[in-house]
Protein chains: 2
Amino acid sequence: MTTDPATDDRSPSAPTRPSAATLRDVAEAAGVSKASASRALDPASQYVSSSTRARVLDAAERLGYRPNASARATTTGATAMVAVLVSDIRDPYNAEIVHGVIEQAGVSGLVATFAGTDHAIDDEIRVVRMMRSLRPHAMILTGTRSGSTVSRTSLEAELERYTQEGGRVVVAGDDELPFDTVVVPRRRGASALVAELFRLGYRSPALIRPDRDSAAARQWEDGVLEAADRLGMRIERGDTVRAPMTRDGGYDAAARLLARRPEHLDVVLAATDAMAIGAMTAMRDAGLAPGAGIGVAGFDDVVGAEDVTPDLTSVDLALARVGAAAVELALTGPGDHRRIEFEPRVVVRGTTPARLG
Amino acid sequence: MTTDPATDDRSPSAPTRPSAATLRDVAEAAGVSKASASRALDPASQYVSSSTRARVLDAAERLGYRPNASARATTTGATAMVAVLVSDIRDPYNAEIVHGVIEQAGVSGLVATFAGTDHAIDDEIRVVRMMRSLRPHAMILTGTRSGSTVSRTSLEAELERYTQEGGRVVVAGDDELPFDTVVVPRRRGASALVAELFRLGYRSPALIRPDRDSAAARQWEDGVLEAADRLGMRIERGDTVRAPMTRDGGYDAAARLLARRPEHLDVVLAATDAMAIGAMTAMRDAGLAPGAGIGVAGFDDVVGAEDVTPDLTSVDLALARVGAAAVELALTGPGDHRRIEFEPRVVVRGTTPARLG
DNA sequence: CTGAAAGCGCTTACAG
DNA sequence: CTGAAAGCGCTTACAG
């Protein structure tokens, strides 16, 4: 990062705006001082007579007055704003978290501001610098990031600087930065899924996992294996197959699995719902009814698990709650690398009926 | 809307922040006046000696100085910010537009702020009021909205008020509000698709459309019918079927179509890519190879059209460009209900090879 | 090229 | 309960 402080980001062409109504306008219209008007407009202030308040509110309403948030912020030093750094808003996982952030910010009286970081730590550093200007109450980092160790250190330093100015940093995702974190419970969710399937009578899972490595894929697989191991379920060498992380990838993977006529299998676990749905089709094409002979379960439950027949067992990671919790964490004072992890919800549906005996 | 102006949204618990470095700090560290420091930090200002500038930049760097955007905004009256009102960020269409907004805002030196409106006009009104406090350079409205005529009038009034304060309003979506609009070219895209298929030799389309009515579905169907009509393609009564807007919906719809053994059909048009992909599976299950016998085309090209085999012909609506254009429109001075509509891009792929004769 | 001063729209002790 | 005044961190004429 060679962000020269000279590169000041002053607004390019500040056009002289026609004036919006101002506190002074309201005060004059109501025939009181600015101080009184300010107090009357503050619902928390008790030092106003009700008649003054009424006249001020009336004037404000008439003038369409909206307080100038910037002026207020320079006066109080605080901005009712939370800045969200998101790697890619188009990713449905991020979108879900962001949705939770927006919702919770709304109820907490905060405005949410976003910037894209494109998964690159160097972009994040740039964005943190830019956002620091806004003096937001907190910054929330979402999604994944990659970059050199040097970059990572710079990012931490920049964020550290921000916290020293009184800002709050919260990570929503993986626990990989030394700040308060709301962990997306992938690993735990995968474990819980396997445990639930065990309870339902399943003993021999096959795994369909993405061919490209990622933290998410790894966490899913770790969670599955951990639970399987703990419960004494055996997963044979050849029962894990890799494929592109799409519906068709799931189809191919399942077709390969089934071609081996693996009589011992009783359930197929896929790392995403899309892959699981593809696997269901492959099973049908092989003459098997998903759920009747072999069970199927997906993961993440972001899209479409309920739209298929039978509907697909999956794991709800409560991503919107993750986003909301990140805002709440930011609001509950500075913490020293606190860590929140929700219980993921295993959603048992038609593809994994209870197995007899 | 009975938003009482009394309901002031002052920050709940303004915590006293440890101080961030201030212009005064930088000036003192550099041994110059605040005025000189300010000028040195402004890359556009020429009224600084290079030695002063160097000392100031050095001091700023050392102190990790970031200008206080709020203070700047109260001084200049303008905020380098664009506010985006989005019905639901989880909708991939909106996410794509929002992505474009974020990108373009970044290159234009603007910060993008978001609020969710949940498709409800009354929510939009509330959000516009709230956002007005931020004095953003522009507000961009994305997604769909519904509400009473009264609400709609109130929304227009509230937006009108905002423009009178110097704010810019841009709509990204349907042209249904009296402000500058970047139109999502659904209708035009559907027409272009049909025209291209005609050129490829297709003459008898069947239509798979969502069973629930929506503006998007209507625009798609209107576009298809308009072009078909113009080109003399006939669409028979029974060749339009309705189904849920999912992959399985598309499967069912296509199955129903094919059950009638409609020898005259040469291409199936679906209102979304997901439905088209489902239809492809149905065709295969009926012993037909998509593209070989009957062609298939989807719409919107948001997700997965390239992941299937053969890959799916679709229409790229350039949604990210729509978002970017909205920002640019907001930056090019006030307009009187200007209207921009991009040429959608028909993406011909494997499911619609040229037909001979 | 530089600095002292005024002003942006607020809020908040401080005296009444 | 109310108002005059100071101050938040900037920018920008205005004089040098």
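Naming: A, B, ... by sequence-line order, numbering from 1 per chain.
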Selected nucleotide, minimal atom distance to [X] side chain, candidates [options]:
X	options	result
B:Ala71	C:dC10, D:dC10, D:dT11	D:dC10
B:Ser36	D:dT11, D:dA4, C:dG3	C:dG3
B:Arg72	D:dC10, D:dA13, C:dC10	D:dC10
B:Thr75	C:dC1, D:dC10, D:dG3	D:dC10
A:Leu23	D:dG9, D:dT12, C:dT11	C:dT11

d([atom1], [X]; [atom2], [N]) in whole Å:
X	N	atom1	atom2	value
A:Arg53	D:dC1	CZ	P	10 Å
B:Tyr65	D:dG9	OH	P	10 Å
B:Arg24	C:dG3	CZ	C1'	14 Å
B:Arg39	D:dA13	CZ	C1'	10 Å
A:Arg66	C:dC10	CZ	C1'	14 Å
A:Asn68	C:dG9	CG	P	8 Å
B:Glu28	D:dG9	CD	P	12 Å
B:Asp42	D:dT11	CG	C1'	9 Å

Going by salt bridge (Lys or Arg N to Asp or Glu O under 4.0 Å), name the pairs with one or both residues in residues 20-31 of chain A, residues two or more places apart or in two chains. A:Arg24-A:Glu28
Set of side chain to side chain contact (heavy atoms under 4.5 Å, CB included) partners for [X], sequence neighbours left out:
X	value
B:Ala83	B:Met131, B:Pro136, B:Met139
A:Ala105	A:Val82, A:Leu110, A:Ala112
A:Ala59	A:Val26, A:Ala29, A:Ala30, A:Arg62

If you measure from the Lys or Arg side-chain nitrogens to the Asp or Glu carboxylate oxygens, is any gap between B:Glu165 and A:Arg66 under 4.0 Å? no
Check ion pair B:Arg39-B:Asp42 (N to O, under 4.0 angstrom): no
What I want to check is whether an N or O donor and acceptor connect the side chain of [X] with the base of [N] at under 3.5 Å.
X	N	result
B:Thr74	D:dG9	yes
B:Arg135	C:dG9	no
A:Ser70	C:dG9	no

OP1 or OP2 of [N] less than 4.0 angstrom from a side-chain nitrogen or oxygen of [X], does that happen here?
X	N	result
B:Tyr47	D:dC14	no
A:Thr76	C:dT11	no
A:Ser49	D:dT2	yes
B:Thr22	D:dC10	yes

Closest approach of A:Ser154 and A:Ile125, non-hydrogen atoms and distance? CB-CD1, 3.5 Å
Given pairs defined as Watson-Crick or G-U wobble with both distances under 3.5 Å, what dot-bracket annotation applies to DNA chain C, with ( ) intrastrand, [ ] crossing, | other strand and . unpaired? |||.||||||||.|||
Quantified in whole Å, what is the [atom1] atom distance between nucleotide [N] and nucleotide [M]?
N	M	atom1	value
C:dA15	C:dT11	P	22 Å
C:dC10	C:dC14	P	24 Å
C:dG16	C:dT12	C1'	16 Å

Note: for A:Thr52 and A:Lys34 on DNA chain D, the residue whose nearest nucleotide lies more 5' is A:Thr52
Examine the side chains of A:Ser148 and A:Ser151 and answer whether a donor and an acceptor come within less than 3.5 Å of each other. yes
A:Arg338 meets the salt bridge (Lys or Arg N to Asp or Glu O under 4.0 Å) criterion, sequence neighbours left out, with A:Asp180
